[in-house]
Each structure stands twice: as C-alpha cells, then as structure tokens.
Number of protein chains: 2
Amino acid sequence: MGKSKKKKKDKREENYLVGIDLGGTKVLAAVISAEGEVLATAKAATPVADGAEAVMDCMAAATEKAIDKAGAKRSDVLCAGVGAPGPLDPVSGIVHYAPNLHWNDVHLGTGLSKRLNIPVSVHNDVDAGTYGEFRLGAAKGARDVVGIFPGTGIGGGIILDGRLRTGFRGSAGEVGHMVIHADGPLQQGGNRGSAEAVCSRPAIVRDIRAALDGGRASIIMELVEARAESDKSERITSGVLAAAAEAQDGLVLEVLGRAGYYLGLLAANMVNALDPEIIVFGGGLIEACGKWLMPTIRTVAWQYYINKRNADLIRIVTAELGDYAGVLGAAMLARDRLSE
Amino acid sequence: MGKSKKKKKDKREENYLVGIDLGGTKVLAAVISAEGEVLATAKAATPVADGAEAVMDCMAAATEKAIDKAGAKRSDVLCAGVGAPGPLDPVSGIVHYAPNLHWNDVHLGTGLSKRLNIPVSVHNDVDAGTYGEFRLGAAKGARDVVGIFPGTGIGGGIILDGRLRTGFRGSAGEVGHMVIHADGPLQQGGNRGSAEAVCSRPAIVRDIRAALDGGRASIIMELVEARAESDKSERITSGVLAAAAEAQDGLVLEVLGRAGYYLGLLAANMVNALDPEIIVFGGGLIEACGKWLMPTIRTVAWQYYINKRNADLIRIVTAELGDYAGVLGAAMLARDRLSE
C-alpha cells in the first residue's frame, strides 16, 4: 500500500473502490483500497422475493455500511464494480436473465449508480472472481488465465493478454456448458454431456444418490443426517463430501475421482484451445474437496495436452482469495473500465 | 494503402508480399499485392525424403518462380509469411515437430530468410488459413473469429479483437484435440474422444469401414474402386464421400450426419467458451461434403448455445478462399508482424 501517497493527501477522496458480489442468497459489499486491500465488508441477505428494486436498495445499503465501517465517505469512492449472475451485458449493465434472482432485463448498473451516485460497472460474477485471482491472487503476474469454478454450476472466466474476454454478446467464459461427454447425462436444463452435467456438485450428488439407490454402501447419508440436526438442512454439501472422503468412503472417493477426471479433461480442453499460462480452480467444491480433486485434475490434464513441450510451465492451481475474489475482481474491473 | 505514398514511388519496391504454404506433399508459393490479391503462384512437390535443407531450397525456388511469374523482382517484396504444420514457435520461427515432414526443431524462419534475403515469419498453417479468411474471406469485417478445418486432422485458429491468438507456448487453436466425447474412440495417437477421433475424415472412414465389416450395405467401395482405376489410389477420400452422399447412400449419409453432430458440438463449445461473432468451417472435408455437414452443424450448435440471446447474430459459414486462405493469411500475418 502506497504510504507516502496516503500521507500527502489530507482528504482521501476517490481513493477507495467498492466491490459488490450479488448472489441468490447473500450480498457482499466491500470497500477496497487502491492497492487492492479489503478494508471493510458488509453482508446482507438478498431480498429476492421483494423484487429487483429492493435488491438494489439492499446492495446500496450494504455498500453504505461497508463505507461507514471503513471510516470513509461516499465521496472517497472512485467507482463500484458488481459481480452478478449472468447472462448480462457488461457494457449496458443490464442483467438479462438471472433465475436465482427471478430477474429479467434488470438495469442493475444504472439502478445502483443512481442510488450510490458513483459510476457502477456490472460483470459476470465468475469473470469478476477470475479477474480478482488474476490481479491479486493465485494468477498474479500471468497474462493468459482461465478460471474454472465448479459448484452448483461450473462458471468460468478467460483472461488473455491481461484483458478479460467478454465476447461478442458478453457471454464468453461459459466453460461449464461445453460438452465433454457427448450423449452423456443431462443436468438441470443445461447441455447434455456438458461439464456441468458430469462434474458439478449436483452431478456428483446425482451419481452418489444413484449408487445408493443401487445398493452401494456409503457413510454419506449418516454424515448428512448428523449435520442436519445442527443446521436443519439435509443436503449433500461440499462439506459433507469432504467429510466422507476424509473418512475414506469408497463411493465418495470413486465419484470424486470421476469428477476430477472430467475437470481434468475440461482443463486440457482449455489448454489445447487457448494455451494459457495458468488455470485457476476455485469455488465451493474445490475449497472443500480440492485435496481429492486437484491431483486427478492435474494428471488427467497433462495426459490430454496435445502439445507437451514446456507443458510443465502451465500451472493448474487453486484460487487464493476465497469469497473476496469476486468483490476484488469487480472493483478492479470497474476501475479499469473507468480508465479506458 | 497510402496512395500518396504510392505516387511518390517510381519503383514498386517492397510493394509485394509473399505467402508460402508448406504441406507434406506440396509447397504453394504466392506473390500477393498489398491489397491482398494473388498475383502469381508456383507449386512444387515437397522433397520430404531429401531433408529440411532441401525442402527450404524448394520453398525458395517456388518463391522465386512466383516472383518471376508476377513480373516482379525480389527487391519488390516486403516480407514472406509461411504457413507450416506445427507445433512451432511463431516468435523464433522454429518448427518443433512436423511428423509429415519428419522435422524436429527446424529453423525454418531463419533458413528461408537467408535464402530469400527478406524477413520471413512462420505461422501454424491453420492459423494462417483462419487469418486469411478473417482478413480477405468469409470472416472479413469480424473481430472475433474461430476457424475449424476438418480433414486428416481438425485444425483450428482463434482470432480475438482482430488478433491471432497463439497462446503462451504458441500452440493455441488446437480445437481438434479438445475432448467432446469422453471415453470415446481413439484415433491415430490423438486424444481419446477428441473431435479428431470422432469427426475427422479418418474417423469417418473408420466408422464406415467398421459398418461395412459388420455387413452394412453401401456403394462406397464401388465408388472407391471405380476411382482407383483412374487415379491408382484406393482410399475413401472426401470426394468419394461426397459422391456416395450425392447418390443417397444410407451408410454414408448416416456417418456424415453423425460427424455433423460432433462438429456442431465443437462449434457450440467454442461459442460457449469464447462467444465469437463467426465460426468459419473450411478444409477438404467441408469443401467436398459441406452440403451435408453444414445444416447439421448449424442446428446442433444452436441447440447447444447456452446463451440464446442474439444467437442468430453468430454466423457459422464455410470458408471462401480455398487453397489461397493459407498463403494470403501467412502473408498478412508477416506484414502485421513487421509493422508491430
């Protein structure tokens, strides 16, 4: 952090950035220094049922709260970047379709900009996460980066020559919808045989449930029930998968191994197509189960690189910034947009 | 082109470009105007058995011949671009590995530059073909282009923001080696289940032969034999496939339909990952059988686009420049390199 610069200024105006991560269950707002340090955050439950205006009010309120917590004023903030579920148009700031939020063509950029009275730019949430890792996390210093974030879906982000690729219609990076297993299974309305259909968390859970239905032994439902008493859910979460794998559950290790194989194919596909320096794997499933997934991902990807020359220079790493990747990346993208 | 500059010159020096396509069977050299018009060409059989020095001598001789035919002098030529089989390093001009030529680490750029005494840049042949279509052919005016060239293999080229993507190690665009059918068939040492393994010409021929071995009726071997008398080959070429399809051969129509489906998945994968404006399909198989392949490619791709918004703006077209795409693209890339 530039300390000399800080000392020179008696007012800190326009020294701060705001990053906001808009999810279907929560909003995370962060105040970030010019150097990319998270100074303060505020969270709120996303009031999905109250509609888009209420969600934008909530985002603005969380932002105000984070600014307060940082001991700053709104006039200290240069701009805000939002990571939102897509498809969306990063130029107009319109979120075209976000099923989790029940949104259709919501003018998020202008709506939030009016509320906060600062420039707001809107980006795909996984693009923002990848950009955060690129600027401040696991991919710092690289120029060509692919981010892959398996979870409920499999989001992706592509950075080439240091610039986020948004594509002709703003929807580049949808790597989870690429078909890697033609004629394979279907999952939740996505593409048959896509990465999401074979190695997202719901695909893993589907395969485990099918095996249980077929009579396979596993401790996983005991783990689900033990957790359900405390957190009232009854789901096979990434945390439950990790606990089962830690306990050497044969079924879970098998299904995670298969998911790692598919994620490795996806990584190799991106290397064969784009030849990046680094692939960053992040998101909930990797945070919980990376210990079992990453070794398989790396060895499968290597086997499928068509060009093995200098292939050891290509790094396949796990994300470093966790929940902060999205807010940091969105803030950096907003500032870059402003300076263009 | 700067016309005022042209008027000032009484000699036409450095007004011409040279493009050279280096294949395993033939060399094609072309003299090209600054505006991208092919003025003269010369062909020669590639003397593979005589080694790399002989091949470079042959390329230089074909170039001299084309310059002569164009009524030009070597001093009229600004630079030469070569499209060569990869993997190669476009920065150093070294061809690392070209099995068709029996080449390992051949210094093609410097070797040819010494012979011709002009700057030579070396590019992947399919990259050059894609760039040719981008600058002067089917993708003219677009900024984000993916080229897919099915034939013996399936080559690819990726242009984003008007710039050819070569990647971290110079091997971007290997779309034929992307896995689209995990655990699918293996073909010629490539990746199991890759596009090459399911929809290249050898994959199509393999599937037809397997069906014939299984007792399926088809006129294709009659067509092969009828042609063999005249051209002494006995192969299921793209031309033979087209003749069988034209004659409504059930087996060939089925296998081409299946190949179109896989090529459509590959196109959709590129759209979901990169969201380009246009995908150009070219190469021998498409030239001969595009009539049967392209409709399936287009409808399958559409079905697998995850973002359907404005998806009708994405064009999937056939290449326009045929054999000239490579020499034109290589020449344009060489000039761009020089002006960087």
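Each chain gets a letter, A, B and so on, in the order its sequence line appears, and its residues count up from 1. Only this structure's heavy atoms are used, side chains among them; waters, hydrogens and symmetry mates stay out.
Within the 4.5 Å cutoff, the side chain of B:I314 has no heavy atoms near those of the B:E277 side chain. Proximity of A:L293 to A:I286: side-chain heavy atoms (C-beta onward) are separated by under 4.5 Å at one or more points.
Residue B:A273 touches chain A through both its backbone and its side chain, counting heavy-atom pairs closer than 4.5 Å. Contacts of B:Y262 with chain A are made by side-chain atoms alone, with heavy-atom separations under 4.5 Å and no backbone atom involved. For A:R165, the part lying under 4.5 angstrom from a heavy atom of chain B is the side chain only. Both the backbone and the side chain of A:N272 come within less than 4.5 Å of a heavy atom of chain B. Contact of B:P87 with chain A is made through the side chain alone, with heavy-atom distances under 4.5 Å. Contacts between B:N310 and chain A at a heavy-atom distance below 4.5 Å involve backbone atoms as well as side-chain atoms.
The residue among B:L274, B:L265, B:V175 with the most heavy atom pairs within less than 4.5 Å of chain A is B:L274. In terms of heavy-atom pairs under 4.5 angstrom with chain A, the leader among B:D183, B:T166, B:L313, B:V146 is B:D183. Most heavy-atom pairs under 4.5 Å with chain B, from the set A:G170, A:G173, A:A142: that is A:G173.
Residues of residues 191-202 of chain A lying under 4.5 angstrom from chain B, judged on non-hydrogen atoms, are A:N191, A:R192 by number.
In terms of heavy atoms, B:G329 sits closest to B:Y131 at O-CD2, 3.8 Å.
Not one N or O on the side chain of B:D161 forms a donor-acceptor pair closer than 3.5 Å with the backbone of B:R163. Distance alone, capped at 3.5 Å, is enough to place a donor-acceptor pair between the B:R337 side chain and the B:P90 backbone.
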inquiry  = Could you go through A:K140 and A:R135, starting from their C-alpha distance and side-chain angles, then the distance that decides it, and tell me whether this counts as side-chain contact (heavy atoms from CB on, under 4.5 Å)?
reply    = CA-CA 5 Å; A:K140 205 161 63 174; A:R135 290 291 296 272; over 6 Å; no
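Taking a cutoff of 4.0 Å between a charged side-chain nitrogen and a carboxylate oxygen, B:R309 and A:D105 qualify as a salt bridge.
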